[in-house]
Amino acid sequence: MLGPSMTQRGVAMPDSFQLNGAGLDLELQDFLHHMSSVNAEMTSILTEHIRILRAGSSDDSRRAARSEFNTAVRNQILSSLAERSEIER
Amino acid sequence: MTRYFLTRVSVEGFRGVNNEGAPLTLDFKTDRVNSVFAPNGSGKSSFYEALEYAFRGRVGRLGEMQSAENPDNYVANLFHSRRHSTIVVTLVPDDGGSSIEIKIERDAGGVRRVSSTDTSSPDSLLASMNEDFALLDYAAFNRFIEDTALDRGRSFSSLLGLSEYGDLLRSLKAVSNSQTFRTDFKTPELEANQASLREQAERALRDFSTHYASLTSKRVDDVSLAPSWGQDVVQALRGVKLLAPLLTEVEDLDSVDFAVLKRTIFEAENGELRERYTGLLERKSALLASIRSRASVEASQELKMRVRRYDEACAEATEAQLQNLLLAAEDYLQGHTEEESTCPLCERPGADNLGERVTERLSALQQMQHHWASVREEVASGAFIARLSELESRVSPRLDDEGSIASAIRERVQTGSGLNQELIREGETRLQKLENLLAARLADADADLEQMEASLPPSLVQLAEQVAAGEAARSALSRYRDARAALEKVETELRSFDGWKRFVDTAYRSFAAAEADMSQRILDELRLEYQELFKGVMSVGDIVPTLTRSAGSEQLAVELSDFHGASSVSARAVLSESYRNALAISVFLSAAARHGKAPRFVILDDVTSSFDAGHQFKLMEQLRTRLQHDGSNDGLQVILLSHDVTLEKYFDRLDDGRSWHHQKLQGWPPLTPVTAHNQSADRLRTDAERYLQAGQVPEGSGLIRQYLEFVLQQVIRKVQIPVPIDLAVNDHSKMVGACLDAIVDAVTLRQAAGTIVLETQQIADLTGHHVPAIVANWVSHYGTAASASFSPASLLGVLGDIDAIRRCFQYDASGTGDWRFYKSLTRRS
């Protein structure tokens, strides 16, 4: 579930990050770790997103995955906001 | 990581290769360049496609066909009885592990099955072989130059094994694309809702502001004070003495019971009495307004006068008179019963003007009729009857049980039954009564009103207005708060979406920057390699290709940083096809050499078709010396497929058998199976020997001559024996003798000079035995076409002498039969 950082905290540009071509499977973890320094919660969502996108075998399937995932993220954000609002009430 | 060489491939029932029951099998060496020559139509492309199917799961060429053409029907060989394709590949790990054999089958239904007894995961091992560089054909090289910079960048990224990076980069870019993001997150709808809620809040605030100002005399400029606005309103209402006790316990504006406040004011105003007073006033006004006539009893005089005149007219023109008149007229008509002098109409004696008298009588009757009409008019529209009628109906309909006099008068006039003065006087009496009654009632009402006015308290209108303003303020404030809450919710959602958007933007930018940086670093690392390779193939120093990755994009530009002195020149625009092809090959092979993925082989299909022979040789040499793994370096296993005979010439020229492995496909599919034949360096000798051992002298003798020429030229080339210019440029019938002469002369000269490296025995064998034997037993007879008279045994002896001549110029490098040519006549190595 998304916490306050999802909806309130700003997003800062991370420090420079480098790839060396050793293979995306290896370097993806470094990249996600790097992004988690920006926002850990969002990175967990991004991780799932990337998993879905990489599973797509074609541009069409990736496009569908992107749309589906964006919708899921939208709903997740709305759900998080509703829950937080309920708690505050 | 463990990488794999490809050491064997066998194919059956796939594409053009039927080979049912006898698969086409090719073996490949791991430590030398492998070449496969195939004449046109002998299965080379099918073999390449078999590897495509094995590693990529598809056949590229069929994939380009329309589905209506049923490309799947053409995967299996059309003439294979079971339409069953079988491909077996053998992979050998480069870390010394055991070889792995994987069988890929495709049944008649098109179902692919992969099996292996050597690995539990043959599918994933095959999938790991699916790297772009592992299978390269001419089209791939051609596309590299002709593609757009973006497609080139992507294919190159894929070639470097970085396609996954590119895929992720594009995915992140798509996610952060503003338009798609707004669509997926329904942002426009939220923004429209936001604008609407803002307007609602502003309108409610304006409304509240008006009421708030009227109650508190303050403005609402600072919305941060909104939470206290309700209290301000309550406080203002508390300032009203009448209401204060009711608001003591009230905590906020929402808790105020405005119904109670309004009822209190109502009661304080004696509202019931005020209500009755107002009602009475309204009824009085209504009564007065309803009686439109203004006549009085005196108005009856006109009617009375008219009736009297009628009565008088009637008296004057009675019916008796009329009867008399008519009787007189009858007598007159019967013969004058009366005196002649008496008027029959007027009974006057001596009447002398009868006509006038008749006229007079008729006028009286007309006068009577005129007065009756006048009565009728007065009854219909005169003031008296109108007043009487209104008061009878409105003041008191039940005043007289006998009914309405006005109605009776109207009825009599209407029926012509006569109207007398008595009835009019009754009407006057009735009207007078009603006038009196009306006056009394109005007087009573006025008295009541006066009394009520005396009892009513002063008006509380202003206070009521304050309460109304308070209630309106609460409504407006409620609307404002609701709109603000909804607006805040929408804006929170938008902020949250924007937060996510900025995060994925950051992720995209961060990854894109890293990917671009990595690509450029790799390009920098490759630059020297592909430039050297290009230079090695094309033998040009002033054409230097350079790949440049555009900042912030996947585009890859191919330029010539040096083109005969000019810089930044488009390679696509100025290079000929062979140069473009060489450039692409240089780039691809450099990238392939750098690649560290699972396949440690590169299969090149017809990549030299645009080259002339010279450039083909140079490319082969580059492959052999720069790219090919030789057992010790970290190069790749190169497998060349070609229908160009240049490969065979190159193979003959190389002829050491240690750095090149050559095979040849033969067959005529679909009529015959396709078979592979290993081609050794001494194939001429082998073939000649086979013919001779079979007793086929004519066939064998022809090959002996070719073999002798081949060996002599090989010796000349290897040990660098100078030859006459005409020998170098002409291929004439005296070549064998001329070559032998050149070799013997050179050996004699170096021996005389004391610089020869050949062993004494070798010199003696050469000059004293082998050369004379060849000349005596073969050269002198071959030119006369008498060689057919030789026995197979003697010709086999000639083959031995030829081998012996070559051995005279070789040394055993390791003492184990590793025979190598001297570097020259004066240098061992």
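Order of the sequence lines sets the chain letters (A, B, ...), proteins ahead of strands, with each chain counted from 1. Here the structure is a predicted model, which is why all the values come from computation and not from measurement.
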Which distance, rounded to the nearest 0.5 Å, do you find between the [atom1] of [X] and the [atom2] of [Y]?
{"X": "B:S510", "Y": "A:M35", "atom1": "OG", "atom2": "CE", "answer": "6.0 Å"}
{"X": "B:F185", "Y": "A:N70", "atom1": "CZ", "atom2": "CG", "answer": "4.5 Å"}
{"X": "B:D184", "Y": "A:E68", "atom1": "CG", "atom2": "CD", "answer": "11.0 Å"}
{"X": "B:W500", "Y": "A:R74", "atom1": "CH2", "atom2": "CZ", "answer": "14.5 Å"}
{"X": "A:E27", "Y": "B:L168", "atom1": "CD", "atom2": "CG", "answer": "11.0 Å"}
{"X": "B:E493", "Y": "A:L78", "atom1": "CD", "atom2": "CG", "answer": "4.5 Å"}

More than 12 heavy atoms of other residues, nucleotides or ligands under 6.0 Å from [atom1] of [X]: yes or no?
{"X": "B:K173", "atom1": "NZ", "value": "no"}
{"X": "B:K489", "atom1": "NZ", "value": "no"}
{"X": "B:R61", "atom1": "CZ", "value": "no"}

Measuring heavy-atom distances to chain B, does A:A65 have an atom under 4.5 Å in its side chain, in its backbone, in both, or in neither?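 A:A65 has no heavy atom closer than 4.5 Å to chain B.
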Taking all non-hydrogen atoms of both residues into account, name the closest pair between A:G21 and B:L162 and its distance.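 Result for this residue pair: CA-CD2, 3.9 Å.
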Given the options A:L32, A:L24, A:N75, A:N20, which has more heavy-atom pairs under 4.5 Å with chain B than any of the others?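 Maximum pair count with chain B is reached by A:L24.
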Looking at chain B, which one of A:L28, A:I50, A:T71, A:T43 has the largest number of heavy-atom pairs inside 4.5 Å, strictly under?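 Looking at each of A:L28, A:I50, A:T71, A:T43 in turn, A:T43 comes out on top.
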Quick one: list whatever passes salt bridge (charged side-chain N to carboxylate O under 4.0 Å, His left out) with B:R549, sequence neighbours left out.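 Partners of B:R549 under the salt bridge (charged side-chain N to carboxylate O under 4.0 Å, His left out) test: B:E515.
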Does B:R170 have any side-chain contact (heavy atoms from CB on, under 4.5 Å) partners at least two apart in sequence or in another chain, and if so, which?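 Here the qualifying residues are B:R154, B:D167, B:E554.
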Check whether B:A513 gets within reach of chain A through its side chain, its backbone, both or neither, counting any heavy atom under 4.5 Å.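 For B:A513, there is no contact with chain A at all, as no heavy atom is under 4.5 Å.
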Which word best sums up how the rings of A:F31 and B:F511 line up, parallel for under 30°, tilted for 30 to 60°, or perpendicular for over 60°?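 Geometry flag for B:F511 against A:F31: perpendicular rings.
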